[in-house]
Amino acid sequence: MNERRIIWATMRAVIETDRFKRKKSGKKSKSHWNLFQSLLNYFVLLLKLSGLYRRGLRNAKNIRINKAVFEFNSLPLSFNGLKILHLSDLHIDTLPGIEDLIIEKIRPLEYDLCLITGDYRKDTQGPSHHIYPAIEKIIRNIRAQEGIYGILGNHDSYLMVKHLERMGVHMLINESIELPRKDEKIIITGTDDPYYYFTDMAIEALEETEGPFKIAMVHTSELFDIAAKNHYDLYLCGHTHGGQICLPGGFPLITHQFEGKQFFRGKWKFNELQGYTSSGCGVSAIPIRFNCPGEITLIELIRNI
Ligand SMILES: [Fe+2]
């Protein structure tokens with residue numbers, strides 16, 4: 001492990017064990033999550049009594065393939081038509097067997113690169129070993145010639161990094177890689193999660209990279225302004241699950257984010273920065289969805305000529 005990773009792992013280990021989440025706007029208590037879980041238990045009981053729970057479970061298993069095309073003046077020509085498989089919020093242990101549904105959906109797709117924007121497990125703390133077989137099963141079924149890159153979400157632990165890397169996921173922890181094609185390149189930067197685990201290292205990662213075309217992977221949309229200021233072209237994130245439980249018309253009741261709240265689902269734009277917030281493949285807290293299907297996203301990058 002390089003020095004930078006050691007410093008990061010030490011900082012994150014400390015934050016993971018305390019009662020506060022670290023956000024750009026300062027420290028906030030994590031205690032609301034326990035209250036949220038208690039309220040959910042009553043909500044689940046109500047749904048079960050009304051018969052709606054089974055419908056919500058069926059909805060959660062009905063994962064869609066969404067296609068999104070982005071056009072850029074800045075995309076190097078040799079990357080014209082680059083296809084990205086974007087996965088987010090697998091929460092693989094919330095809904096047993098969801099890995100097989102995801103694999104079935106991914107199998108016929110064609111793509112060059114796979115980017116995974118965090119939240120691999122259900123809980124925000126505790127052991128993770130039980131999720132690795134299902135995650136590895138998905139990773140083994142991803143055929144991305146230009147690699148698989150991942151970041152951590154707010155449900156993940158720094159201890160998961162080495163396991164994901166062993167599976168073949170190149171984890172980007174406040175760092176960037178250059179992806180070459182012919183004599184051109186694009187930059188992919190991945191930051192640590194800014195919802196629970198924000199540190200200046202995430203901002204530094206977005207500030208220090210120069211390149212003709214830059215993709216930012218961040219678990220939430222909360223760093224949209226910093227990415228835009230640093231001339232990122234595309235920003236990929238998840239976290240909100242699109243609301244997961246929405247009113248008819250897809251109106252979300254909760255998105256679990258304050259900054260960048262307007263970018264809670266799908267394609268968005270902020271100044272020159274284009275972004276996509278995935279509704280996620282999986283579900284967290286309870287294995288149901290209403291009026292907001294889970295998604296696997298196939299993104300295509302086009303160079304404006
Ligand atoms: Fe999530």
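Whatever order the structure lists them in is the order used to number ligands and atoms, beginning at 1.
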S88 and S278: side chain to side chain donor-acceptor pair (under 3.5 Å), yes or no, with the steps?
CA-CA 6 Å; S88 197; S278 168; 4.8 Å; no
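The NE2 atom of H91, the Fe ion (ligand 1) and the NE2 atom of H241 define an angle of 90° (nearest 10 degrees).
For a distance bound of 2.8 Å, the N, O or S atoms of H155 include none lying that close to the Fe ion (ligand 1). Within the 2.8 Å limit, H239 places no N, O or S atom next to the Fe ion (ligand 1).
Ring-plane geometry between Y132 and H163 is classed as parallel, the angle between the planes falling under 30 degrees on a 0 to 90 degree scale with a further cut at 60.
When distances from the Fe ion (ligand 1) to the N, O or S atoms of D119 are compared, OD2 comes out shortest. Summary: OD1 is the N/O/S atom of D89 found nearest to the Fe ion (ligand 1).
No side-chain donor-acceptor contact under 3.5 Å links D112 and Q145. With hydrogens and angles left out, the side-chain atoms of H219 and D119 include a donor and acceptor closer than 3.5 Å.
When the options E146, E210, E178 are evaluated for a salt bridge (Lys or Arg N to Asp or Glu O under 4.0 Å) with K185, the one that passes is E178.
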